2 protein chains.
Amino acid sequence: MPELRKDPVMRRWVIISAERGKRPADYSVCIPSKKGGFCAFCGGNEHTTPSEIIAFRPDGSKPNTPGWTLRIVPNKFPALWIEGGLNKVGEGIYDKMGGIGAHEVIIENPDHNLTLSTMPLKAVEDTLWAYHYRISDLKKDPRFKYVLVFKNEGEAAGASLEHTHSQLISLPIVPMRVKEELDNAQHYYNYKERCIFCDIIYQERGNALRVISENESFISLAPFAPRSPFETWILPKTHESNFAPDGKFSMLAEILQRTLKQIDKVLNLPPYNFMIHTSPFNNEINDYYHWHIEILPKLTKVAGFEWGSGIYINPTPPEEAAKFMREAEI
Amino acid sequence: MPELRKDPVMRRWVIISAERGKRPADYSVCIPSKKGGFCAFCGGNEHTTPSEIIAFRPDGSKPNTPGWTLRIVPNKFPALWIEGGLNKVGEGIYDKMGGIGAHEVIIENPDHNLTLSTMPLKAVEDTLWAYHYRISDLKKDPRFKYVLVFKNEGEAAGASLEHTHSQLISLPIVPMRVKEELDNAQHYYNYKERCIFCDIIYQERGNALRVISENESFISLAPFAPRSPFETWILPKTHESNFAPDGKFSMLAEILQRTLKQIDKVLNLPPYNFMIHTSPFNNEINDYYHWHIEILPKLTKVAGFEWGSGIYINPTPPEEAAKFMREAEI
């Protein structure tokens, strides 16, 4: 019989449909091999992107020239604009404001053929450091309340360019999904005086059914009620409310790359999304929220039932997904 | 500049990106023409589906034989199972229950090549009546709190069979998306003593910017903060908390078919989802919730930003979408 499971943080039910019992090979979603051709993100084509915000490049080399190892540029087609005021106004019963925000692209590597799974570990570490650097910088702008860092890998996961890259969008609001997690985590804390994520980690380490891997500082696991088959979370093992892994970037890079390698191996290079959830600027240090990375392989469709209910149907139980991930030879 | 707009019912922000200013032809998402071949939903193949629950068929004709005009069968691969108990249990900090529910398929027409846009209006009316009939029947089962009726048209919108059909899933919980709407509508009512949907209709009829069409009983409109380009809602013009359009099925069929024809015309037969949102069984008649149909053409991708934030980026302002819809020659 299928099972209805509730995520304790998001208070969202999912249907775990073990009978459908889909195994990795049942998801045929391999990212098509790269087409190549002209690419604005490749080394040598720096002049075709907006001017860089920051780059890791040899001492003395000029901005927007080759030689960099990581480069951050404004998105050429930004979802939000960096210039302008908030102009919050009502329109009868409706509310609106100016679409103010930064929309930046983190080009993780100049090589068109690498991904976060295959690039040198140091490049992954630099990428994570760059996320943190940009968040710290954008935090200074009083118009912004939050920065969402995310990655779309593969066209089916929404990537419009095949050269690997991450994105961030700073926002003048705390996004709804984060606010829900914050509110629910705070409610739990008020009741239990414990962080709900710390409790999840404690329980998961107790039976190890859904734990995928650990290193000194981080744990990766399949959540109890995953929206997507092979959904994976990476969390710091001790309480940290905001994404500021000083002194731990190499540990985080290690577990992130290992997890992505496992996903690539088990699911044969699937498209995926990941996003970092952290506490908002106005409340970065708190006892109840615990920053984490959510990785969602793009294996199922969002259709009428999901849109209408908010309930996701997951044909691979997380216990099985975690086992496949643990046993992947990477 | 883009605009951030908040849906007053769902309290969800969207980014309206007028600069991207996508027009209908920019969304190239036409449903591939039907492949044909063997189809379990076609007239004559009744023996290949699970035994019918109800069918509209000539007096004297036997169940599961040809001659029907509309047929409802259990889903052969149900997301939830009809037999069994709820067995609600905790597992440490987690909650789960048996995946109990009905999952039924409404085959709206025996003709493989028709859709809700192209079938006779009477067949659309019968479909709506069938939805209501099944909801009324499933309501009698005390295990269920809600029935979600939805439709996936086109493979990209999640339809696994190309023969037009709707589905319904009865649930032992009120789904999260509906609960959010209910809670927010109740909160608004407590404050204003008015239904928020009635207020929306009043405001929209006042300026007509986002109104698409009306008949005696129903209105179709582009919501102020649509998740998807060309998202369209159909609502009863006067307050009705639950889907029970007695005496108005023909009016509802008329505006639903007209709206789908407009969508087909403007967007060249796009994949789409629709779902009916209504009050849950334990509170069907109330002053604050207003049932409605939400139609979401499948034109954009849900990617990392949307997963992580709950904010959707919509490159076609609803005022423009409504104008295209109104001007469509159908």
Side-chain angles (χ1 to χ4, degrees), chain A residues 1-6 8 11-13 15-17 20 77 79-81 84 91-99 148 150-152 156-159 167 169 171-173 175-178 180 196 199-200 203 224-225 273-277 294 296 301-305 307-311 313, chain B residues 1-6 8 11-13 15-17 20 77 79-81 84 91-99 148 150-152 156-159 167 169 171-173 175-178 180 196 199-200 203 224-225 273-277 294 296 301-305 307-311 313:
Chain A
M1 181 185 293
E3 205 168 76
L4 275 161
R5 294 188 181 187
K6 190 177 187 177
R11 300 192 185 170
R12 185 185 20 71
W13 290 91
I15 298 172
I16 304 293
S17 185
R20 300 190 176 192
F77 306 100
L80 297 172
W81 288 9
E91 191 176 305
I93 52 171
Y94 302 129
D95 303 299
K96 63 180 185 179
M97 65 172 93
L148 186 75
F150 61 99
K151 180 175 176 71
N152 305 331
Q167 299 180 67
I169 295 185
L171 292 158
I173 51 172
M176 184 182 181
R177 286 288 160 271
V178 177
E180 285 165 358
I196 190 166
D199 271 11
I200 288 173
Q203 182 166 338
F224 175 74
N273 302 108
F274 75 61
M275 41 270 176
I276 299 178
H277 274 177
E294 300 177 6
L296 286 171
K301 290 202 174 93
V302 176
F305 179 66
W307 280 114
S309 69
I311 300 171
I313 302 174
Chain B
M1 179 183 295
E3 204 168 76
L4 275 160
R5 293 188 181 187
K6 189 176 187 178
R11 299 191 187 172
R12 186 184 19 71
W13 290 92
I15 297 172
I16 304 293
S17 186
R20 299 190 174 192
F77 306 100
L80 297 172
W81 288 9
E91 192 176 307
I93 52 171
Y94 302 130
D95 304 298
K96 63 181 185 179
M97 65 172 94
L148 185 75
F150 60 99
K151 181 175 177 72
N152 304 333
Q167 299 180 67
I169 295 185
L171 292 158
I173 52 172
M176 184 182 179
R177 287 287 160 270
V178 176
E180 284 165 359
I196 190 166
D199 271 12
I200 288 173
Q203 182 167 338
F224 175 74
N273 302 110
F274 76 61
M275 40 270 178
I276 300 179
H277 274 178
E294 299 177 6
L296 285 171
K301 291 202 173 93
V302 177
F305 179 67
W307 280 114
S309 69
I311 301 171
I313 301 174

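Residue numbering restarts at 1 for every chain, and letters A, B, ... go by the order of the sequence lines. This one's a predicted model, so the numbers in the text were calculated from it and none came from an experiment.
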Which bit of B:Gln167 comes within less than 4.5 Å of chain A, counting heavy atoms only: side chain, backbone, both or neither? neither

I need the minimum non-hydrogen distance between A:Ile313 and B:Ala79, along with the two atoms involved. CD1-CB, 3.6 Å

To the nearest 0.5 Å, how far apart are NZ in A:Lys96 and CZ in B:Phe224? 6.0 Å

Chain B interface, residue from A:Lys151, A:Arg11, A:His277 that has the most non-hydrogen pairs under 4.5 Å: A:His277

Measuring only between side-chain heavy atoms, which start at C-beta, is A:Glu180 closer than 4.5 Å to B:Met176? yes

Below 4.5 Å, heavy-atom pairs only: which of A:Gly158, A:Ser309, A:Gly92 has the largest tally toward chain B? A:Ser309

Chain A interface, residue from B:Pro8, B:Pro172, B:Ala156, B:Ala303 that has the most non-hydrogen pairs under 4.5 Å: B:Ala303

Measure distances from A:Lys301 to the heavy atoms of chain B and classify the residue's part below 4.5 Å as side chain, backbone, both or neither. side chain

Mutual orientation of the aromatic rings belonging to B:Phe150 and A:Phe305 [parallel < 30°, tilted 30-60°, perpendicular > 60°]: tilted

Do you know the tightest heavy-atom contact between B:Trp307 and A:Arg177? O-CG, 3.8 Å

Minimum heavy-atom separation for B:Val178 and A:Gly308, please, with both atom names. CG2-O, 3.9 Å

Is A:Gln203 reaching over with its side chain to a backbone N or O of B:Ile93, donor-acceptor style, under 3.5 angstrom? yes

When only pairs under 4.5 Å are counted, which of B:Gly84, B:Ala157, B:Ala159, B:Gly98 shares the most heavy-atom pairs with chain A? B:Gly98

Checking heavy atoms, do the side chain of B:Asn152, its backbone, both or neither come under 4.5 Å from chain A? side chain

Among B:Ile173, B:Leu171, B:Ile16, who wins on heavy-atom pairs under 4.5 Å with chain A? B:Ile173

What's the spacing between A:Leu80 CG and B:Ser17 OG if we round to 0.5 Å? 8.0 Å

Over all heavy atoms of both residues, which pair between A:Pro175 and B:Ile311 is shortest? Give the atoms and the distance, please. CB-CD1, 4.0 Å

Tightest non-hydrogen contact, residues A:Asp95 and B:Trp13, listed as O-CZ3, 4.1 Å

